Structures are given as structure tokens and as C-alpha cells.
Amino acid sequence: MNRSSKMKGKGWALCLSLALALPCHSAELRELSWDELIPAGTPSRPEAQAPLHDLSQLADALAAESGPAAVQRQPDAPVVQALDGLGVKLPGYVVPLEVSEAGKATSFLLVPYFGACIHVPPPPSNQIVYVESAEGIALDALYQPFWVEGALKVEAARSELADAGYRMRATRIYPYEIPD
């Protein structure tokens with residue numbers, strides 16, 4: 001075998017080992033529901049909260065906008081440790097915490113229903129994900145739900161609005177669409 005063949009063989013081996021070491025992004029994502037963030041045997045979120053796809057209570061939530069901030073009832077709710085480090089896709093609404101000069105929310109709380117933390121009492125901390133995003137979300141788009149993808153960390157985060165039981169560095173954010 002000549003030197004050129006040996007170099008090609010080593011190059012292919014290096015490429016193959018790099019390809020195997022890199023995660024396959026789409027294959028590793030697990031689509032989560034909000035109930036999966038609550039440990040088994042723990043009561044789920046109160047029924048009074050509107051599900052993600054039910055916008056019938058939007059007018060009531062918007063009418064409460066001028067009221068005082070509500071207090072979070074369960075800031076230290078139990079979390080699901082098995083989700084730590086898992087690549088996930090989670091739908092929810094955005095509550096901005098930090099806004100870039102370009103007018104995009106780059107740090108926000110992802111919550112399961114519209115108005116959480118602002119119009120109605122914040123959900124338990126195991127129903128809030130503190131998200132950081134380099135891309136951000138335009139502030140005029142915050143009335144719609146989004147899919148947020150990234151690695152979920154079981155790690156508490158505090159903000160002026162509510163405490164979160166999970167954190168995520170978003171790798172992809174896009175509008176949620178209700179399936180037909």
C-alpha cells in the first residue's frame with residue numbers, strides 16, 4: 001500500500017469517527033407534553049388553566065392585564081430528573097425576560113398556557129422552562145404558541161416573574177400549529 005492510500009484510509013477513518021461522534025439532531029428529539037414534566041404521582045396542573053390549543057379564555061386573560069401580578073403557588077415543585085440532558089421539542093407560550101436591541105426576546109419563560117406569569121398566577125415551577133436563545137423571538141409574535149427545541153436541563157432558574165424548574169438553550173424555535 002502506498003503512502004497516498006494510507007493517508008486516504010486515515011482520512012476516511014477520521015471522517016467516519018467524527019460523523020459517529022456528532023449527534024443526529026432530529027433523531028434525538030423527544031416531543032414532550034407539559035404533563036411529562038411532572039413526576040408520576042404528583043398532581044397535574046389545575047384544570048382552570050386553559051390547554052395550549054384552547055384560546056377561548058384569551059379575552060379573560062387579556063382583561064386581567066391591568067391587575068396586580070399574581071404570586072406563584074409552587075415555586076419548588078418536583079421535577080423529572082430523567083429528563084436532564086434530553087433533546088426535546090416542547091410547545092408553549094413565551095413570557096419575555098430579556099429583549100435584544102433588535103426587539104427580540106432572547107431570554108424567556110416557556111409556559112403551557114397564554115397569560116401565565118403575567119395575566120394569571122404562574123404555574124408550578126415544574127411547568128415553566130427558562131429558555132435562552134441567540135435567535136430570539138420578535139415581540140409582536142408573542143401571542144401565538146411556539147415549538148422550542150433544545151437540550152432540557154433539570155435546573156432551577158429564578159426570575160422576577162416566576163421560578164422555573166427546567167432550563168433550555170434553544171436550538172430552534174418556530175410557530176406551533178394545531179394539527180388538523
Side-chain angles (χ1 to χ4, degrees), residues 15-47 49-54 72-100 104-118 121-138 141-142 144-180:
C15 287
L16 180 60
S17 65
L18 285 174
L20 292 174
L22 295 174
C24 180
H25 180 70
S26 62
E28 290 189 12
L29 287 182
R30 176 174 160 192
E31 185 176 317
L32 286 181
S33 71
W34 285 95
D35 287 338
E36 291 176 277
L37 299 178
I38 302 170
T42 304
S44 61
R45 48 182 202 265
E47 294 300 320
Q49 299 168 358
L52 175 67
H53 61 278
D54 181 4
Q72 186 174 16
R73 291 186 206 136
Q74 293 180 313
D76 296 316
V79 292
V80 179
Q81 293 295 329
L83 296 175
D84 192 44
L86 190 65
V88 302
K89 172 183 175 181
L90 184 66
Y93 288 90
V94 171
V95 179
L97 296 174
E98 291 182 29
V99 179
S100 70
K104 292 187 173 191
T106 55
S107 173
F108 57 88
L109 301 178
L110 186 68
V111 295
Y113 53 91
F114 181 81
C117 305
I118 297 173
S125 58
N126 62 11
Q127 293 291 280
I128 301 175
V129 179
Y130 178 91
V131 180
E132 294 176 302
S133 167
E135 175 188 336
I137 299 174
L142 298 183
Q144 73 177 57
F146 287 90
W147 283 108
V148 179
E149 296 179 359
L152 191 66
K153 294 169 101 179
V154 177
E155 183 179 304
R158 294 196 179 278
S159 74
E160 63 277 2
L161 296 177
D163 293 343
Y166 300 94
R167 285 181 174 258
M168 181 190 296
R169 179 86 178 142
T171 56
R172 185 172 177 221
I173 302 171
Y174 52 99
Y176 175 88
E177 295 186 16
I178 299 171
D180 293 335

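No experiment lies behind these values; they were computed from the predicted model shown. We number each residue from 1, following the sequence as shown.
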Quick one: pull up [atom1] in [X] and [atom2] in [Y] and give me the separation to the nearest 0.5 Å.
X	Y	atom1	atom2	result
E98	S133	CD	OG	11.5 Å
E135	R172	CD	CZ	9.5 Å
F108	Y93	CZ	OH	14.5 Å
M168	L86	CE	CG	9.5 Å
C117	L109	SG	CG	5.0 Å
E132	R167	CD	CZ	6.0 Å

[X] versus [Y], closest heavy-atom pair with distance:
X	Y	result
P121	Y113	O-OH, 3.2 Å
V79	P39	O-CG, 3.3 Å
V95	A116	CG2-O, 3.3 Å
L161	P122	O-CG, 3.8 Å
P96	L142	CG-CD1, 3.5 Å

>> Under the rule for salt bridge (Lys or Arg N to Asp or Glu O under 4.0 Å), what residues qualify as partners of R158, not counting sequence neighbours?
In response: D163
Is a donor on one side and an acceptor on the other found under 3.5 Å between the side chain of [X] and the backbone of [Y]?
X	Y	result
Y166	V80	yes
Q72	P123	yes
S125	A77	yes
T171	E149	yes
W34	P91	yes
N126	I38	no

> Taking C-beta and beyond as the side chain, do E155 and D84 meet within less than 4.5 Å on heavy atoms?
Replying inline: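 Not in contact.
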> Just wondering, do L152 and L37 contact through their side chains at under 4.5 Å, heavy atoms?
Replying inline: yes
>> Tell me whether K89 at atom NZ has more than 12 heavy atoms from other residues, nucleotides or ligands lying less than 6.0 Å away.
In response: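 Above 12, so yes.
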>> Is it the case that atom CD in E160 sees more than 12 heavy atoms from other parts of the structure closer than 6.0 Å?
In response: yes
>> side-chain contact (heavy atoms from CB on, under 4.5 Å) for I173 and V94? Distances and angles first, verdict last.
In response: CA-CA 11 Å; I173 302 171; V94 171; 6.0 Å; no
